[in-house]
Amino acid sequence: MEFTKMHGLGNDFIVVYGEQELPANAPELAIALCNRFFGIGADGLVYILPSERGDYMMRIMNSDGSEAEQCGNAIRCVSKYVYDRGLVSSEQIVIETIGAGEQKVTLKVNDGVVETVTVDMGEPVLAGLQIPVAIDAESVLDQTIEADGREFRFTAVSMGNPHCVIYVDDAVTFDLAAWGPKLEVHPLFPRKVNVEFATVRSRSHVDMRVWERGAGPTLACGTGACATLVSSVLNGLTDRAAKISLKGGDLEIEWNEADNHVYMTGPAEVVYTGTVSI
Ligand SMILES: N[C@H](CCC[C@H](N)C(=O)O)C(=O)O
């Protein structure tokens, strides 16, 4: 199988093009190929598939074999992939995902090189049971959650996939490995959850570290950055546009008041192409 290794701010993926539909063994392939010792090594396995509704469809498997509804860093990589290979003829493309339908993507190209990718990530979902969180409320803001004897206050947002945003004194030094795994599988989240630990530095800058559902500690999370911005606006902590600084780098996120859509802008890189026996 031919693949292209790509990343968005160090959140890395094995990108596969050419399948007509998601292979039945995609979960097993994801586990094997994402393994950083016995496989290629990545946070996820991403398939670029035909789409009736857009230019292409993206399906994303986490490294634990679970399928995610949406992935911000991966959609930027997929968009760069299809543009670089001439599989689309415009810098404006539409990528379909399970979690957010047809997503408009704008590539900023300079001398034929994709510099940044801006993705319309759609409208945030705030209603508890749709996120899902086991709380029947119109929104889940600044609620308490307890894990292993420690109480946190959290805000839940879905960007097509579920997120739990927790504000801490210093996200950069917070013990992610101690608390991320406990909260990822907390019974409040029927489909588990991506956990973001955030520290607001100003009304236009947030530091965030993420423990991802089905992938663990990643260097960046695009949907997590979107959820963090939405949560910060809802809690009155930032303006509607801010830089979200992750371990792997920065994303510019805006929650547009006029259309209620969240826009994410960031890079996408190719590391290498290869062939793997499966
Ligand atoms: N682990 C996530 C999917 C990848 C999301 C993240 N890598 C991003 O860039 O949005 C989940 O199960 O919802």
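Counting from 1, the numbers follow the sequence of the chain as shown. Remember, it's 1-based here, ligands and their atoms both numbered in the order they're listed.
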K.L.:
Just to be sure I read this right, does ligand 1 sit under 4.0 Å from the backbone of Asn194, its side chain, both, or neither, counting only heavy atoms?
P.N.:
side chain

K.L.:
Hey, is the main chain of Ile75 close enough, under 3.5 Å, to the side chain of Ser79 for a donor-acceptor pair?
P.N.:
yes

K.L.:
Among protein heavy atoms, which lies nearest atom 10 (O) of ligand 1, and at what distance?
P.N.:
Thr223 OG1, 2.6 Å

K.L.:
Output yes when a side-chain donor or acceptor of Tyr56 lies under 3.5 Å from a complementary backbone atom of Leu87, and no otherwise.
P.N.:
yes

K.L.:
Would you kindly specify which portion of Asn62 sits under 4.0 Å from ligand 1, judged on non-hydrogen atoms: side chain, backbone, both or neither?
P.N.:
side chain

K.L.:
Starting from atom 9 (O) of ligand 1, what is the nearest protein heavy atom, named by residue and atom, and what distance separates them?
P.N.:
Gly222 N, 2.8 Å

K.L.:
Among all protein heavy atoms in this structure, tell me which lies nearest to atom 7 (N) of ligand 1, with the distance rounded to 0.1 Å.
P.N.:
Asn11 OD1, 2.8 Å

K.L.:
Determine the sole option in Gln103, His261, Lys104 for which the side chain to side chain donor-acceptor pair (under 3.5 Å) test with Asp120 is passed.
P.N.:
His261

K.L.:
Starting from atom 4 (C) of ligand 1, locate the nearest protein heavy atom and write down its residue, its atom name and how far away it is, to 0.1 Å.
P.N.:
Glu212 OE1, 3.2 Å

K.L.:
Near Gly72, which atoms of ligand 1 are under 4.0 Å from a heavy atom of that residue?
P.N.:
8 (C), 9 (O), 10 (O)

K.L.:
Report yes or no: does a heavy atom of Gln70 sit under 4.0 Å from some atom of ligand 1?
P.N.:
yes

K.L.:
Any heavy atom of Ala215 sitting closer than 4.0 Å to ligand 1?
P.N.:
no

K.L.:
Quick one: do the Glu123 and Asn260 side chains pair a donor with an acceptor below 3.5 Å?
P.N.:
yes

K.L.:
Has Gln143 got a side-chain atom pairing as donor or acceptor with Leu141's backbone, closer than 3.5 angstrom?
P.N.:
yes

K.L.:
Can you give each donor-acceptor pair under 3.5 Å made by side-chain atoms of residues 264-278, sequence neighbours left out, with the distance rounded to 0.1 Å?
P.N.:
unit_1, atom_1, unit_2, atom_2, d
Thr265, OG1, Thr118, OG1, 2.7

K.L.:
When you compare the side chains of Thr155 and Asn235, does any donor N or O come within less than 3.5 Å of an acceptor on the partner?
P.N.:
yes

K.L.:
Within the 4.0 Å heavy-atom shell around Cys221, which atoms of ligand 1 are there?
P.N.:
6 (C), 8 (C), 9 (O), 10 (O)

K.L.:
Atom CH2 in Trp211, atom NZ in Lys182: separation rounded to 0.5 Å?
P.N.:
10.0 Å

K.L.:
Is it true that Trp179 and Phe152 have ring centroids separated by less than 6.0 Å?
P.N.:
yes

K.L.:
With a 4.0 Å heavy-atom cut-off (strictly under), which part of Cys71 contacts ligand 1: side chain, backbone, both or neither?
P.N.:
both

K.L.:
For Asp43 and Ser63, does a side-chain donor sit closer than 3.5 Å to a side-chain acceptor?
P.N.:
no

K.L.:
Where is the nearest protein heavy atom to atom 3 (C) of ligand 1: which residue, which atom, and how far?
P.N.:
Ala68 CB, 3.4 Å

K.L.:
Measure Asn161 to ligand 1 on non-hydrogen atoms and call it side chain, backbone, both or neither using the 4.0 Å cut-off.
P.N.:
side chain

K.L.:
Can you tell me if Thr218 has a non-hydrogen atom under 4.0 Å from ligand 1?
P.N.:
no

K.L.:
Asn73 heavy atoms, cut-off 4.0 Å: which ligand 1 atoms fall inside?
P.N.:
8 (C), 9 (O)

